Structures are given as structure tokens and as C-alpha cells.
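In this text the structure is predicted, and so the values were computed from the model without any measurement. Every chain is numbered from 1 and lettered A, B, ... according to where its sequence line falls, protein lines coming before strand lines.
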Amino acid sequence: MKKPLAPPPTPPTERNYFADVHEVVRLVPPGRVTSYGAIAHYLGAKHGSRAVGYALMAANLDAATLQRDAPVPAHRVVNRLGQLTGRHHFPTPTAMQERLEAEGVRVEDDVVVEFKKLYWDPAVELG
DNA sequence: AGCATGACGTCGA
DNA sequence: GTCGACGCCATGC
């Protein structure tokens, strides 16, 4: 039958790459953190780490994605130094830290305490 | 179509 | 050991 509405399987702003990033981030268990580079590396090491952050930013802002799939715990993603570089993109500058601390992750001076200890590498945990 | 930007990471000087 | 430049992928003008 003809389809009166044509729901695009993959919106232009959410391509396979973004979906991949979202999926991996969702796998990060509470109380653990990962890095942009780890995700990029897990996805093939060919993807730029910037694109990962870009995907998270888009995911957080795009309510459609949040409704379609589970919310992306972007607060569990920090840079390779454990710094909360993405906190400025949250509703409030402290929202990211608040969420992390709510999960038992201590944040001090915008840096995850015991980052190496809480580090969750998808390439290791998943593969 | 080309240039500039971005929640990064790695290399070279 | 610190600083600067390039690369990566995707988006916006």
C-alpha cells in the first residue's frame, strides 16, 4: 500500500555514525566513565574524536533521538584526561558533575577523581 | 564547492 | 615539559 507518511529511517542529522556513538555511550555502566578517543577507537579508530563529541552534543539537544532511543548518558563521557570538557553544553555548567556525583563518581576541579580506575574502555569491556 | 568550527587526540619542534 | 600544528568526521555558512 502507499504510505501517506514517509518516516525516514535515518534522519540526516543522525546517521549511522551518530547512532553508533549513542549506542556505545549507552553501554557505559553507571559510576563509570569513558573517553571520546576510546569510543572513536572502538568504532574503528578512523573516526575523529571530535565527531564523537559532536554526536553527543547533537544527541543531547535532539529530543527526537531521546524519544526514539534511550537517553544518552553523555555525562559519562570525558576527554582522555578525565576533564569534564563538555559540561558547558549541559543545561547548567554543573549538571554534568552533579550527575556523575549522583552515581558515585567524584569530581574535583572539573576532573574525574580516580579517572583511570573508573575508566571504562568499550574496546576492552565489549571486545 | 570551499572555508571555518567543534564536548578530541596524536605528533613534532 | 610546554606549545603549536595537523588529522579525524560531520555540520553550518
Visitor: Going by number, which of residues 89-106 of chain A have a non-hydrogen atom under 4.0 Å from DNA chain B?
Guide: A:H89, A:F90
Visitor: List the residues meeting side-chain hydrogen bond (donor to acceptor under 3.5 Å, both in side chains) with A:E101, not counting sequence neighbours, and say none if there are none.
Guide: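 If we apply the side-chain hydrogen bond (donor to acceptor under 3.5 Å, both in side chains) test to A:E101, skipping adjacent residues, the hits are A:Q97.
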Visitor: Using a cut-off of 4.0 Å on non-hydrogen atoms, how would the nucleic acid contact of A:A55 be classed: base, sugar-phosphate, or nothing?
Guide: nothing
Visitor: Rounded to whole Å, please give me the gap between OH in A:Y54 and P in C:dA10.
Guide: 12 Å
Visitor: Please name all residues satisfying side-chain contact (heavy atoms from CB on, under 4.5 Å) with A:E114, sequence neighbours left out, ordered by chain then number.
Guide: A:K117
Visitor: Which Ile, Leu, Val, Met, Phe, Trp or Tyr residues join A:Y119 in one cluster when any pair of side-chain heavy atoms under 4.5 Å counts as a link?
Guide: A:V33, A:V78, A:L84, A:F90, A:M96, A:L100, A:V105, A:V107, A:V112, A:F115, A:L118
Visitor: Can you name the side-chain contact (heavy atoms from CB on, under 4.5 Å) partners of A:A51, sequence neighbours left out?
Guide: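 Applying side-chain contact (heavy atoms from CB on, under 4.5 Å) to A:A51 gives A:Y17.
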Visitor: For each nucleotide in nucleotides 8-13 of chain B, reading 5' to 3', give B when a protein heavy atom comes within less than 4.0 Å of its base, S when such contact involves only the sugar-phosphate, and - otherwise.
Guide: BSS---
Visitor: Sequence neighbours left out, what passes side-chain contact (heavy atoms from CB on, under 4.5 Å) with A:P71? Give chain and number order.
Guide: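 So A:P71 forms a side-chain contact (heavy atoms from CB on, under 4.5 Å) with A:L66.
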Visitor: Return the value, rounded to whole Å, for the distance between atom CG of A:L56 and atom P of B:dA7.
Guide: 11 Å
Visitor: Between atom CZ in A:R87 and atom C1' in B:dA7, what is the gap in whole Å?
Guide: 11 Å
Visitor: Distance from A:S35 atom OG to A:L81 atom CG, nearest 0.5 Å?
Guide: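 Going from OG on A:S35 over to CG on A:L81, the span is 9.5 Å.
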Visitor: Once side chain to side chain donor-acceptor pair (under 3.5 Å) is applied, what residue pairs with a partner in residues 79-89 of chain A remain, sequence neighbours excluded?
Guide: A:N79-A:Q83, A:R87-A:D110
Visitor: Go through the structure and list residues passing side-chain contact (heavy atoms from CB on, under 4.5 Å) with A:P93, not counting sequence neighbours.
Guide: none
Visitor: Considering only the C1' atoms, how many Å lie between B:dA4 and C:dC6, rounded to the nearest integer?
Guide: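 The same atom, C1', in both gives a distance of 15 Å.
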